Amino acid sequence: MGPPQGFGVRRRVRVPGGRFRRSGSVQQSNFQRVPRGPGHHGQGSRDSSGSPGARWGVEVSDPGSEARMTLEDGSGRQADLTDQEAARLDKRRRLLEAGVPPYGGRFERTHTVPELLKDFDRLIDTPVRVAGRLRSIRRQGGLTFADLQDGGQRIQLFCRKDTMGPETYGLLDWLDIGDIVGVWGRTMRTRRGEASVEVHGWELLTKALRPLPEKWHGLKDVELRYRQRYVDLIVNPRVRDVFVARSRAVSAIRRFLQDRGFLEVETPMLNPIPGGANARPFITHHNALDMDLYMRIAPELYLKRLLVGGFDKVFEIGKNFRNEGISTKHNPEYTAVEVYEAYADARDMMRLTEELFAYVAAEVAGSPVITYQGTRIDLTPPWPRLAMTEAVARYAGLELDGLSDEQAREAAKRRGVDVPAGATRGTVLAEVFEKLVEPHLIQPVFIVDYPIEVSPLAKRKTGDPAMTDRFEPFIMGWEVANGFSELNDPVDQRERFQRQVEQRAAGDEEAHMMDEDFLRALEYGMPPAGGLGIGVDRLVMLLTDSPSIRDVILFPHMRPRGSV
RNA sequence: GUGCCCGUGGCGCAACGGUAGCGCAAGGGACUUUUAAUCCCUGGGUUGUGGGUUCGAAUCCCACCGGGCACACCA
């Protein structure tokens, strides 16, 4: 993964005057050209990674191949450029020579572009200073039109030679699409009615050395979109909107909980013992302590320690890390919000959940009724409650009550659901539910009463010790949250951990480890409480109508590439 | 991890055994109310990588790399 030569040079390329030659005799080493487009990852250049300086000075006659121009940056390294990159570097040099610094500094703006456009007609014919990225340039002799993008919106720049003077106007020739400029002038509408700034003067704030993707098809290659999200954000306005919506959703969650008296806290991401969920953790190492640590898979056990400590209403918004597969609904690190309320129970948390979803949807999407991939979803509370056994009876036509473990396993197999050899009835129930019922749960519904086997941290249901007072809301067939009345009996909790440890020993890598400190905390006494965890990414997917979790994560995990 | 599909100039796409092409973008020129500006000219690709089949490979075959989707696992 080490960067091949040529990488890193681009940041600090110096183009000495006259070193740049167009065609004919082009100075070039015997380096292979480093391909940089999609699917190029510099494998062909491995042979040239050592001591570049030694290979200099080879004169290669290569007429007609501007793209192979090379340049020195004074460090004995060099970069091969595309014709467009070469042209931009050349303009950068010419600007410098003309006394125009290609990278400016502070620029005082009177308005952002969205501010200007919002109330344009009232602001017309006033002096303004705006800044942004050039998205298109239409040169027309003594008149040049350009589109300036800022804050996701564009305003037209209207540049007239007569207004600006020939020198200022002439320097426009060294600007490219993608450059960031600050301009000052007067707001006006053109003959065609386009909201514009008549430019009196301008300043180059940043010269862009790489060209932006094509102007109306934009950047479509999803791999490039994820790997180079910065480009995606520049050219695809919808992407920007999604991440603004995500930010608003997180703010709305925080506001909703804070307004109800919940205290936001932060607990460790580096855990000596990972807990709070059944999942495989990432392992990392602390050098000074010389010990392995785990990236947290859930903050649950820490938040419950806070209940012990007397914080009655707490929440945390943050990342969980799970060493599992990647899919359109799974990213190895994802954002969750967990909420704990002392003296409450699962019923209270269900009410909190449905209210929170409706509130956040209204804040982000404008309504508790949303459309996801063509399906109308009504998040208005209250959502129906349906016991897992009833759900399995209704959607799978399966009645497991009263069956022995073996009979239950047989029943599941007859329905085509694979279950582990020694699975108990409760495990079978959960398995059948996942496979046969979940896909049917499109509109919001709370599934309640989960088997104890799959709920090692939840309180038993009064009157049915095989079940727990747990719930999970489903939308679009996805589990979007998980909550329960928290188990606060340390003796019961120890037994549950013990079962988990046994399963772990039997090869279940996702089973809990024994957490003695957590048990000690419970032994000091944790108030009865309701707890809740919500998958924020999936919530945002729903609210932004995004088909993949990668569409709501700015930098989704990707396999690294040599050089891109 | 398995299956299916994809990888062609900076970007979006064509060519699907027979000379690698188009649009935008880029370079040169004309143009003082355009907005996918227009018009003339020009350059840019060892078709993801490596093998193979063939007189001939972007195209067919194999392996590898990267990606998408579905399944599996999970939230």
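Below, chain A is the first sequence line, B the second, and so on; all start at residue 1. On a predicted model such as this, the values are computed, not experimentally measured, just so you know.
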Counting side-chain heavy atoms from C-beta on, which of [options] comes nearest to [X]?
X	options	value
Q156(A)	C24(B), A75(B), U34(B)	U34(B)
R227(A)	U35(B), G66(B), G44(B)	G66(B)
D162(A)	A26(B), G67(B), U32(B)	U32(B)
K91(A)	G27(B), U34(B), C69(B)	G27(B)
R559(A)	A75(B), G66(B), G43(B)	G66(B)
S548(A)	A75(B), G10(B), C69(B)	C69(B)

If I take atom [atom1] in residue [X] and atom [atom2] in nucleotide [N], what distance separates them, rounded to the nearest angstrom?
X	N	atom1	atom2	value
E223(A)	G7(B)	CD	C1'	9 Å
L212(A)	A25(B)	CG	P	12 Å
R225(A)	C11(B)	CZ	C1'	14 Å

Have a look at [X] and say if it touches a base, only the backbone sugar-phosphate, or nothing, with a 4.0 Å heavy-atom cut-off.
X	answer
S136(A)	nothing
E479(A)	sugar-phosphate
G533(A)	nothing
N331(A)	base
G535(A)	nothing

- [ ] Please confirm whether any donor atom in the side chain of R138(A) sits under 3.5 Å from an acceptor in the base of U34(B), or the reverse.
- [x]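 By the distance-only test, yes, there is a pair.
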- [ ] Mark yes or no for a side-chain to base donor-acceptor pair under 3.5 Å between Q140(A) and U32(B), with no hydrogen or angle criteria applied.
- [x]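 Side chain to base: no pair below 3.5 Å.
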What is the pairing partner of [N], taking Watson-Crick or G-U wobble pairs with both distances under 3.5 Å in any strand?
N	result
C64(B)	G48(B)
C24(B)	G10(B)
G1(B)	C71(B)
U53(B)	none

Say we look at [N] and [M]: how far apart would their [atom1] atoms be, to the nearest angstrom?
N	M	atom1	result
A25(B)	A37(B)	P	7 Å
A57(B)	U47(B)	P	11 Å
G1(B)	C16(B)	P	36 Å
G51(B)	C13(B)	P	30 Å

- [ ] Sort and list the pairs that fulfil side-chain hydrogen bond (donor to acceptor under 3.5 Å, both in side chains) and have at least one residue in residues 434-446 of chain A, not counting sequence neighbours.
- [x]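 Residue pairs passing side-chain hydrogen bond (donor to acceptor under 3.5 Å, both in side chains), neighbours aside: none found.
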Open item on the list: Salt bridge or not between R246(A) and D537(A)? Use side-chain N to carboxylate O under 4.0 Å.
Closed with: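 Between D537(A) and R246(A) there is a salt bridge, with a charged N closer than 4.0 Å to a carboxylate O.
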TODO: Could you go through the salt bridge (Lys or Arg N to Asp or Glu O under 4.0 Å) check for K91(A) and D173(A) one step at a time?
DONE: CA-CA 9 Å; K91(A) 288 178 182 172; D173(A) 279 349; over 6 Å; no
Task: Criterion side chain to side chain donor-acceptor pair (under 3.5 Å) on D221(A) and Y226(A), from CA distance to verdict - done: CA-CA 9 Å; D221(A) 184 318; Y226(A) 297 149; over 6 Å; no
